[in-house]
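The residues of the chain are indexed from 1 along the displayed sequence.
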Amino acid sequence: MKILFQGDSITDAGRDRSDCHDLGNGYPKYAAKYLTEKFPDVDFEFIDLGISGNQTKDLVDRLDPDFCDIGADIVSILIGINDVWHHAATKDWIDDDIFEERYRTVLEAVKNTGAKIMMLEPFLIPVADKLYFREDLDPKIQIIRKLAREYADVYLPTDGLLASAYLGEDPESFAADGVHPTEKGANFIGKLYCEYISKLIK
């Protein structure tokens, strides 16, 4: 079973880009660990093609080589925080309709390959300098949830589950800068990934 991880720096996580099977130090590494432990009889191939800094427009630009040509059984996508962050300084937010169109283009292309689709919700840990990101992120999360109802075989509501997880704990222990998971945060997401995707594993 071939599983493709796609997204931005949270998925990239310092991977060796010369080796698509290198999973970096983020949630894909932990997801692969938990999946191989849970399904010892499944022959997994894990591919990580996340690229730091990517937005939805970048995923559209690399659809053929990095999505459609991979022949994955399951494609998981975590994207969206850079569509907000890269426009936050001046609040020249990407129009929601444009964001939706770009993400839909990606999902439609993946659907046409016959791969199952897992979508992960972008998230934001409450750190002081990024709280205002919510102004644009929250509406985009709602768009992603709407698209998930149309396209996803599995949807991981990462933002909400993280909000629950850090009750009584220091939120920054999950992502010190609010965006990039610590080891603890990556492990937490990886465990959730395994739990949610399991219904697609045969």
Side-chain angles (χ1 to χ4, degrees), residues 4-15 17 24-28 48-68 75-111 117-152 155-166 170-182 185-186 189:
L4 170 63
F5 299 95
Q6 266 293 5
D8 50 35
S9 57
I10 302 167
T11 303
D12 185 330
R15 69 184 178 88
R17 294 187 192 170
N25 294 306
Y27 76 88
D48 187 344
L49 293 177
I51 296 180
S52 181
N54 267 198
Q55 303 177 49
T56 49
K57 66 179 181 180
D58 301 298
L59 299 194
V60 172
D61 288 343
R62 57 191 184 92
L63 267 177
D64 285 340
D66 290 351
F67 284 85
C68 301
V75 176
S76 72
I77 305 169
L78 171 55
I79 199 71
I81 192 62
N82 288 327
D83 291 75
V84 176
W85 194 350
H86 290 191
H87 298 266
T90 55
K91 292 191 177 183
D92 60 327
W93 309 119
I94 297 173
D95 185 85
D96 286 346
D97 289 340
I98 293 174
F99 176 80
E100 179 175 345
E101 179 185 9
R102 290 171 176 170
Y103 207 145
R104 185 182 296 277
T105 297
V106 172
L107 294 167
E108 194 66 36
V110 175
K111 180 181 178 181
I117 297 173
M118 178 177 183
M119 294 171 63
L120 289 78
E121 189 170 273
F123 56 86
L124 182 69
I125 301 295
V127 298
D129 68 327
K130 296 184 181 71
L131 289 176
Y132 74 101
F133 285 17
R134 284 285 174 191
E135 177 183 331
D136 188 51
L137 179 62
D138 286 353
K140 286 183 168 53
I141 286 176
Q142 294 306 315
I143 290 168
I144 291 169
R145 289 177 176 177
K146 181 181 78 170
L147 290 171
R149 292 192 294 271
E150 296 182 48
Y151 292 97
Y155 185 72
L156 176 50
T158 330
D159 192 53
L161 293 173
L162 278 165
S164 177
Y166 55 66
D170 176 12
E172 293 182 27
S173 68
F174 288 85
D177 69 350
V179 172
H180 298 96
T182 58
I189 296 169

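- Residues passing the salt bridge (Lys or Arg N to Asp or Glu O under 4.0 Å) test with D96 are K140, sequence neighbours excluded.
- Heavy-atom contacts from other residues, nucleotides or ligands closer than 6.0 Å to CD of E101 number 12 or fewer.
- Residue V106 comes nearest to I77 through the heavy atom pair CG1-CD1, 3.9 Å, listed as atom of the first residue, atom of the second, then distance.
- How far CZ of F99 is from CD1 of I143: 6.5 Å, rounded to the nearest 0.5 Å.
- Scanning both residues, D159 and P122, for their nearest heavy atoms gives CB-O, 3.5 Å.
- Between the S76 side chain and the M118 main chain, no donor and acceptor come within less than 3.5 Å of each other.
- A donor-acceptor contact closer than 3.5 angstrom is absent between the side chains of Y155 and R149.
- Checking side-chain atoms of S52 against main-chain N and O of D8 turns up no donor-acceptor pair under 3.5 Å.
- Side-chain contact, Y166 with E172: no donor N or O sits under 3.5 Å from an acceptor N or O.
- Of the possible polar contacts, one joining the N82 side chain to the N54 backbone as a donor-acceptor pair under 3.5 Å is found.
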For this session: List the steps, then state whether side-chain contact (heavy atoms from CB on, under 4.5 Å) holds for W85 with V179.
Result: CA-CA 10 Å; W85 194 350; V179 172; 3.8 Å; yes
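- Atom NZ of K111 is surrounded by 12 or fewer heavy atoms from other residues, nucleotides or ligands within 6.0 Å.
- Side chains of Y151 and V110 form no contact here, defined as non-hydrogen atoms less than 4.5 Å apart.
- Salt bridge status for R104 with E108: absent, with no side-chain N to carboxylate O gap under 4.0 Å.
- Nearest heavy-atom pair across V84 and F133 is CG1-O, 3.8 Å.
- Put simply, CD1 on I141 and NZ on K146 are 15.0 Å apart, with the number rounded to the nearest 0.5 Å.
- Nearest heavy atom pair, residue L78 against residue I10, reads CD2-CG2, 3.8 Å.
- Under the 30°/60° scheme for interplanar angles, the aromatic rings of F5 and Y27 are found to stand perpendicular.
- By the 4.5 Å heavy-atom criterion applied to side chains, Y103 and D83 are not counted as neighbours.
- Of the possible polar contacts, one joining the Q6 side chain to the D66 backbone as a donor-acceptor pair under 3.5 Å is found.
- Atoms CD1 and CG, from I94 and D136 in turn, are 7.5 Å apart once rounded to the nearest 0.5 Å.
- Residue P181 comes nearest to A186 through the heavy atom pair CB-N, 3.5 Å, listed as atom of the first residue, atom of the second, then distance.
- The backbone N or O of D12 lies less than 3.5 Å from no partner atom in the side chain of S9, so there is not a single donor-acceptor pair.
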For this session: Determine, step by step, whether L63 and T105 satisfy the side-chain contact (heavy atoms from CB on, under 4.5 Å) criterion, reporting the C-alpha distance in whole Å, the side-chain angles of both residues, the deciding distance to 0.1 Å, and the verdict.
Result: CA-CA 9 Å; L63 267 177; T105 297; 4.0 Å; yes
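- Contact record, M119 with A148: SD-CA, 3.6 Å, taken as the closest heavy-atom pair.
- Atom CG of N25 and atom NE2 of H180 lie 13.0 Å apart (nearest 0.5 Å).
- Summarising the geometry, atom CD belonging to Q55 is positioned 7.0 Å from atom CZ belonging to R102; distances are rounded to the nearest 0.5 Å.
- Taking OG1 of T182 as the reference point, atom CG of D177 lies at 10.0 Å (rounded to 0.5 Å).
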